[in-house]
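Structure incoming, see below.
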Amino acid sequence: MHITTEYQNIGQENFYAAIGSNLLRREILQKVNAQGLKPGDGLGNEFFGYGTVEKPVRVAVIGTGDQGSILIGAMNPKYVQVVAIADIRPFNHHRAFHGDAANANTLALRPGLISVFGWKDEAEARENVKVFGAYQELFDYYADKEGEEDIEAIIIGLPLHLHAPVAIQAMKQGYHVLTEKLMAHTVAQCKEMARASELYQKHCATGHQRHYNVLYDHIIKMIQSGLLGDIHYIRAQWHRGNRPGPTDSWRPPIPREIRPEPNDDRDSWSGEFDSERQQGRLGWMFTDRGRRLERMAPNDPGRPLLEKQVAQLRAQIADRVLVNGGEFNGFTFKSAEEYGYVTETEMVIDEALPYFRPAAAELIRWRLFDRTSAGLMAELGSHQLDAASIFLSAMLGGKQYPLSVSASATRTIFPENLEESPVDRDVEDHIHCVYDYPARGYDPNDELGKLRTITLAYSSINGNGFGGYGETVFGTRGTLQVDTEREAMLYQRADVHRKTRVSGSAQAPVLTLDDAGDPLSAAIGLQATIANDLGRGYFEQIEHWAYCIRENPNAEFDKEMPRCYPEVALADAVVTLATNIAARLGEPVEFDSAWFDIKSDATPEAKYAETDEERRHFTPNLQRYV
């Protein structure tokens with residue numbers, strides 16, 4: 001279906017009119033509008049029902065890279081106080097304090113600790129924040145601390161393979177945990193984290209932020225009201241423009257001492273910044289921006305950002321210390337191998353040319369390798385799978401689990417030429433999946449009943465970002481399209497050219513075609529959504545986690561709990577990781593209810609393991625962390 005700009009605008013107006021209707025959410029939206037509530041300023045309290053905390057929770061952030069820096073940028077000092085960070089890269093130390101100055105948008109998303117907590121410079125920030133390299137150094141330092149000198153909770157933004165060991169050690173040492181998604185690298189690890197949470201009575205939340213996204217909260221209420229009717233199909237995607245070369249975001253540039261890259265050489269430069277010009281693409285960018293800075297007037301409005309970019313590139317080049325260890329900014333770093341990352345001298349995949357992967361490259365480009373990552377499904381697809389589960393739970397009640405998945409994973413564009421180029425990653429670059437979920441009336445023992453299923457179709461591709469990411473929900477009464485967590489369009493089924501209004505009653509609202517629409521309701525919904533900048537849910541996620549720590553310090557399940565607690569996060573991980581199995585087997589996988597049961601030792605990886613050793617590895621065993 002071709003949706004023109006005009007039809008998109010109609011769909012957006014329909015959505016705003018629906019949530020602004022006095023039959024759905026007008027009362028709460030008028031309150032939001034009247035008080036100007038925003039993320040970090042009362043929005044989460046109003047929508048998600050939690051209150052303030054008397055004293056901020058003292059937290060440490062372990063892993064301050066891409067996602068860790070996003071979480072730092074979403075912190076409300078009224079709820080959390082960062083007292084320590086740990087990271088093994090010079091670049092990430094810099095980003096933790098100064099943010100990500102690659103451009104104005106990244107700096108707004110990752111502003112850094114100095115900005116978030118109002119410190120005047122890095123020196124003042126370091127007076128308030130202790131800095132560590134390896135996470136074990138942080139744990140050792142705080143092992144004998146008490147009271148105000150101790151920490152209370154850990155936020156984990158590490159590569160996926162480290163989520164479980166760090167989270168379990170944190171809970172064992174007495175700290176609550178919030179870890180980025182996916183919950184863990186294997187289903188066994190997820191169950192071990194869940195069991196540790198129960199054993200040590202600590203909150204273990206996972207960062208699927210759509211559970212705190214106000215846009216999705218509107219959609220939940222809309223689905224629960226019956227406005228869309230029965231959902232029978234969901235189409236979701238995350239398409240990216242990543243291509244081989246400089247635009248591949250999962251293969252960021254690295255210093256040449258780590259690994260010289262093809263096409264790294266650039267024309268020589270002269271001037272103060274020449275000392276870094278042999279650093280390949282990083283050095284070229286450093287020199288280019290440095291030369292521009294030299295020519296720029298002191299009062300040029302673009303100077304502050306350019307100064308930040310030069311400092312950031314200097315820190316990124318400093319990652320070269322990860323080859324043999326060394327010092328940067330007064331801190332001594334070990335080599336990547338000493339931190340546990342692996343050098344692979346002849347990584348051969350798909351019978352392509354062997355690829356030399358130094359340990360530091362595995363660290364910096366961890367999303368590309370099976371040992372450290374779970375590929376597109378974990379990093380991207382888990383978002384859409386979680387969203388689909390949220391939608392189906394709103395309609396059917398309770399967490400919804402799929403019945404089966406069929407998947408295909410392909411290597412389509414990385415590298416561009418399999419005969420001439422080495423394959424520099426384990427993970428595939430395209431994946432396509434189809435899931436069956438039980439619908440109302442599903443009965444596996446009845447010929448008709450077993451056909452009552454809901455289909456979810458998902459794709460994640462590289463090389464062409466058309467359509468971006470989002471979900472389209474097909475109901476018997478309406479169609480809803482959600483784009484990039486920030487925008488939604490609503491139609492009465494296929495009538496994309498028609499405006500609608502909500503009629504009927506609060507108990508049974510109906511989406512009615514109306515050429516005039518509902519301007520008043522649309523204005524209320526628009527004001528509450530756009531003018532108040534609802535954000536993506538990161539602020540509310542961290543606030544509520546801190547609130548749960550204060551209100552329910554022993555993580556008792558019948559009291560205040562984070563929305564993405566272990567049972568919820570485990571389900572998302574099971575679906576995600578079983579999809580990778582289906583894709584690589586090339587055959588459908590039927591889900592076992594025991595995989596979703598924290599108390600059961602059954603896991604999809606153990607079922608499909610080829611050896612007893614693998615089976616033991618993929619079976620949960622909390623004792624391995626003792």
Side-chain angles (χ1 to χ4, degrees), residues 1 3 8 11 15 181-182 208-211 213 215-220 222-223 228 230-242 374-396 399-410 428-439 453-475 478-491 494 496 536-537 564 568-569 571-580 582-583 588-589 591:
M1 179 180 294
I3 302 180
Q8 289 177 11
F15 179 80
K181 61 93 191 98
L182 198 61
H208 289 287
Q209 79 277 359
R210 280 167 176 76
H211 290 272
N213 185 311
L215 182 69
Y216 283 77
D217 193 60
H218 291 322
I219 294 168
I220 288 170
M222 189 178 293
I223 293 172
L228 297 182
D230 283 338
I231 297 170
H232 49 91
Y233 179 64
I234 299 175
R235 183 179 64 211
Q237 68 178 50
W238 194 319
H239 294 171
R240 304 185 303 158
N242 268 14
L376 288 169
M377 288 308 302
E379 293 300 308
L380 306 179
S382 62
H383 285 295
Q384 271 70 53
L385 300 182
D386 184 52
S389 175
I390 289 172
F391 298 150
L392 296 178
S393 296
M395 182 180 74
L396 299 171
K399 185 72 173 176
Q400 297 301 306
Y401 307 137
L403 302 167
S404 64
V405 57
S406 299
S408 170
T410 63
E428 296 84 356
D429 54 49
H430 287 51
I431 190 161
H432 314 271
C433 340
V434 177
Y435 304 84
D436 282 331
Y437 282 80
T453 59
I454 301 165
T455 299
L456 165 63
Y458 174 76
S459 67
S460 183
I461 68 169
N462 283 282
N464 186 330
F466 184 81
Y469 70 90
E471 307 87 32
T472 304
V473 182
F474 295 77
T479 305
L480 180 75
Q481 182 168 321
V482 192
D483 287 341
T484 63
E485 300 175 74
R486 290 185 177 274
E487 192 61 80
M489 291 167 276
L490 175 67
Y491 306 98
V496 297
R536 297 165 62 195
C564 200
V568 175
D572 290 327
V574 169
V575 179
T576 298
L577 297 171
T579 302
N580 282 342
V589 167
F591 288 91

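The shown structure was predicted, so the numbers you read here are calculated from the model rather than taken from an experiment. Residue numbers run from 1 in the order of the sequence given.
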Heavy atoms only: give me the nearest Gly468-Gln237 pair and the separation to one decimal.
O-NE2, 3.3 Å
Before giving the answer on side chain to side chain contact (heavy atoms under 4.5 Å, CB included), spell out for Thr479 and Val473 the whole-Å C-alpha distance, their side-chain angles and the decisive distance to 0.1 Å.
CA-CA 6 Å; Thr479 305; Val473 182; over 6 Å; no
Supply the atom-to-atom distance Gln400 CD to Ile231 CD1, rounded to the nearest 0.5 angstrom.
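The CD atom of Gln400 sits 10.0 Å away from the CD1 atom of Ile231.
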How are the rings of Tyr437 and Tyr435 set to each other: parallel, tilted or perpendicular (split at 30° and 60°)?
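Rings of Tyr437 and Tyr435: tilted, 30 to 60°.
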Please tell me if the side chains of Tyr233 and Thr472 come closer than 4.5 Å, counting only heavy atoms from C-beta onward.
no
Would Gln209 and Glu485 count as a side chain to side chain donor-acceptor pair (under 3.5 Å) here? Give the steps.
CA-CA 10 Å; Gln209 79 277 359; Glu485 300 175 74; 2.8 Å; yes
Flag, side chain of His239 to backbone of Asn464, donor-acceptor distance under 3.5 Å
no
Salt bridge (Lys or Arg N to Asp or Glu O under 4.0 Å) contacts touching residues 379-395 (sequence neighbours left out)
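Sorted result for residues 379-395: Lys181-Glu379, Arg367-Glu379, Asp386-Lys399.
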Can you check side chain to side chain contact (heavy atoms under 4.5 Å, CB included) on Gln481 and Ile3, steps first, answer last?
CA-CA 11 Å; Gln481 182 168 321; Ile3 302 180; 3.8 Å; yes
Do Leu380 and Arg240 make a side-chain contact, defined as non-hydrogen atoms from C-beta onward lying under 4.5 Å apart?
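Yes, close enough: below the 4.5 Å cut-off.
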For residues Ile390 and His211, determine if any side-chain heavy atom of one lies less than 4.5 Å from a side-chain heavy atom of the other.
yes
Which heavy atom in Ala378 sits nearest to a heavy atom in Leu182, and how many Å separate them?
CB-CD2, 4.0 Å
For Phe391 and Tyr216, take the angle between the two ring planes, folded into 0 to 90°, and tell me which bin it lands in: parallel under 30, tilted 30 to 60, perpendicular over 60.
parallel
How long is the straight-line distance from NE2 of His383 back to OG1 of Thr576, given to the nearest 0.5 Å?
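Spacing of OG1 (Thr576) from NE2 (His383) equals 10.0 Å.
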Less than 4.5 Å apart, side chain to side chain, heavy atoms only: is that true for Val575 and Val405?
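They are not in contact (no side-chain heavy atoms under 4.5 Å apart), so the answer is no.
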First locate atom CG of Leu480, then atom CG of Leu228, and finally report the distance between them rounded to the nearest 0.5 Å.
6.0 Å
Just wondering, do Glu487 and Phe15 contact through their side chains at under 4.5 Å, heavy atoms?
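They are not in side-chain contact.
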Using every non-hydrogen atom in the two residues, find where Gln384 and Tyr469 come nearest and quote the distance to one decimal.
NE2-CD1, 3.9 Å
Minimum heavy-atom distance between Thr579 and Cys433, given as atom pair plus value:
CG2-SG, 3.6 Å
What heavy-atom pair brings Asp483 and Met489 nearest, and what distance separates the two atoms?
OD2-CE, 3.3 Å
Side-chain (Ser389) to main-chain (Leu385) donor-acceptor, under 3.5 angstrom
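It does not hold such a pair.
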Measure from the side-chain N and O atoms of Asn462 to the backbone N and O of Asp429, and report whether any donor-acceptor pair falls under 3.5 Å.
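A pair under 3.5 Å: yes.
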Heavy-atom donor-acceptor pair, Ser460 side chain to Trp238 backbone, under 3.5 Å:
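Answer holds: yes.
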What distance separates Ile234 CD1 from Tyr458 OH, expressed to the nearest 0.5 Å?
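Here the rounded value is 13.5 Å.
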What are the two closest heavy atoms between Glu428 and Leu376, and how far apart are they?
O-CD1, 3.6 Å
Given side chain to side chain donor-acceptor pair (under 3.5 Å), test Asn213 with Arg536 step by step and report yes or no.
CA-CA 5 Å; Asn213 185 311; Arg536 297 165 62 195; over 6 Å; no
Quick one: does Ile454's side chain get under 4.5 Å of Met395's, heavy atoms only?
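Yes, close enough: below the 4.5 Å cut-off.
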What is the distance from atom CG of Leu392 to atom CD1 of Ile223, rounded to the nearest 0.5 Å?
8.0 Å
Taking atom CD1 of Ile461 and atom CD1 of Ile431, what is their separation to the nearest 0.5 Å?
13.0 Å
